[in-house]
Amino acid sequence: MPSAIVNEYFRTKKLPQIWCPGCGHGIITRAITVALDKSNLNRDKICIVSGIGCSSRATGYLDFDTLHTTHGRAIAFATGIKLAKPELTVIVITGDGDCTAIGGNHLIHACRRNIDITAIVFNNNIYGMTGGQYSPTTPKYDKGTTAPYGNIDKSFDIPGLAAAAGATYVARATAYHANLLISLIQKGINNKGFSLIEAISDCPTYYGRKNKKGDAVDMLEWQKKYAINVTAASKMPPESLKGKFIIGEFKNTTEPEYTDEYQKIIDNIGKE
Amino acid sequence: MSNKEEVTEKLVINKEWCKGCGICVSFCPKNVLTLKDGKVDIADIEKCIECGQCELRCPDYAIYLRGKKNEK
Ligand SMILES: Cc1ncc(C[n+]2csc(CCOP(=O)(O)OP(=O)(O)O)c2C)c(N)n1
Ligand code: SF4
Ligand code: SF4
Ligand code: SF4
């Protein structure tokens, strides 16, 4: 029998999963189940929605009410579910391509509306499923199938984008920092509003191989070495943060939530 | 589901699910684990402090603590 967490929250008949050896998506998927376990919610009132991509395959392994939708549209489907049944806890699993390329508009408007959805973005800096095309988070000058001489686009800072667009809970962790990731996802779920948690993953097969980043272990070592917690970073001189990236909680505020606002309209019209 | 599990006093490993990525081996603080024929293997269970780092980061759910919660 698998571990208690896996046995409880995974469709174990579908395991072993299909991801490549060392793919961070498996670590992040487990972290989501641990966060849900700790959140003590009614299992029948949770809906997990994904788009298309290696990351989005996660819903197929999770033993909840799940919806595996179309590329880029996870947040759009999730918005519909939340508006139809505001009592549900709605979680979105999406990739950097799914969420910030084809799905970028859905993302910014969900942030702006502050609709009570928790989106977990599995960011592996590439399109894994389709063979390593560069994505909006491929670092500048890094390579992809579609950028054999290096990508000249500046990459998105997903938490920065979400915070600026109006998300009320924004955070980042990595597959290596899985315990931090679990606590941030838990806090995101608790936030009544749009929460975005970026989970830095690793794709040794495409991003890793194309950019000579080594194997999965090397890529997790990199996460360990170059991540700095936001609290520590705030006390460090800017020059010592060069080449590093920040993890932790970036934004945690309270603002009116979309389905509540919508209910007010319904109630007011009923009174007329 | 697999029945090829190896149960020790502290850990359970499932070689059928293991893809030999080496993550658990590299991040185990006590060098308890190793790879043998491309799969996880226990080198020295005596040294295991049951910290759960291996279970936390195994992408394939192929290694976990036997601890209370995981007991059948
Ligand atoms: C409308 C549409 N356009 C393109 C595709 C092809 N496609 C499938 S997955 C994908 C990108 C996946 O990248 P990401 O979301 O970052 O997930 P990953 O596979 O890296 O986890 C693309 C372009 C598609 N399935 N549907
Ligand atoms: S291609 Fe990359 S993202 Fe997809 S399963 Fe393999 S390692 Fe993971
Ligand atoms: S529980 Fe900790 S000490 Fe024991 S094998 Fe796993 S990582 Fe190593
Ligand atoms: S982390 Fe999991 S899949 Fe990778 S070698 Fe260890 S047991 Fe096997």
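The chains referred to below are lettered A, B, ... by the order of the sequence lines, with proteins before strands, and numbering in each begins at 1. All figures in this text were calculated on a predicted structure; none of them were measured in a lab.
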Using a heavy-atom distance cut-off of less than 4.5 Å, which residues of residues 213-227 of chain A contact chain B? A:Ala216, A:Val217, A:Leu220, A:Glu221, A:Lys224
Select, from A:Cys20, A:Gly22, A:Cys23, the one with the greatest count of heavy-atom pairs under 4.5 Å involving chain B. A:Gly22
Do B:Glu16 and A:Pro16 make a side-chain contact, defined as non-hydrogen atoms from C-beta onward lying under 4.5 Å apart? no
Evaluate whether atom NZ of B:Lys47 has more than 12 neighbouring non-hydrogen atoms of other residues, nucleotides or ligands under 6.0 angstrom away. yes
Please name the pair of heavy atoms, one in A:Val49 and one in A:Thr59, separated by the smallest distance, quoted to 0.1 Å. C-CG2, 4.0 Å
pair A:His177-A:Leu184: side-chain heavy atoms closer than 4.5 Å: no
Quick one: which residues of residues 24-39 of chain A reach chain B at under 4.5 angstrom, heavy atoms only? A:Gly26, A:Ile27, A:Thr29, A:Arg30, A:Asp37
In short, A:Gly131 meets A:Thr145 closest at the heavy-atom pair O-OG1, 2.5 Å
Tell me, for A:Ile18 versus chain B, whether the close heavy atoms (under 4.5 Å) come from the side chain, the backbone, both or neither. backbone
For the residue pair A:Tyr61 and A:Trp19, does the interplanar ring angle fall in the parallel (under 30°), tilted (30 to 60°) or perpendicular (over 60°) class? perpendicular
Taking ring-ring contact (aromatic ring centres under 6.0 Å, His included) as the cut-off, I'd like each qualifying pair that reaches into residues 39-63 of chain B, sequence neighbours left out, listed once. A:Phe10-B:Tyr61
Do any N or O atoms from the side chain of A:Asp98 and from the backbone of A:Ile52 form a donor-acceptor pair under 3.5 angstrom? yes
With distance as the sole test, does A:Asp65 use its side chain to make a donor-acceptor pair with the main-chain N or O of A:Lys45 at under 3.5 Å? no
Using a heavy-atom distance cut-off of less than 4.5 Å, which residues of residues 20-39 of chain B contact chain A? B:Cys21, B:Gly22, B:Ile23, B:Ser26, B:Phe27
In terms of heavy-atom pairs under 4.5 Å with chain B, the winner among A:Ile182, A:Ile5, A:Val6 is A:Val6
Side chain of A:Ser195, backbone of A:Thr118: donor and acceptor closer than 3.5 Å? no
Taking the side chain as every heavy atom from C-beta outward, state whether B:Leu11 and B:Leu65 have any pair of such atoms under 4.5 Å apart. yes
Please walk me through it: do A:Asp142 and A:Tyr207 pass side-chain hydrogen bond (donor to acceptor under 3.5 Å, both in side chains)? CA-CA 9 Å; A:Asp142 274 1; A:Tyr207 178 73; 2.3 Å; yes
Sidechain-backbone polar pair: A:Arg43 side chain, A:Asp63 backbone, donor-acceptor under 3.5 Å: yes
Min side-chain heavy-atom separation A:Arg172-A:Ile200 under 4.5 Å: yes
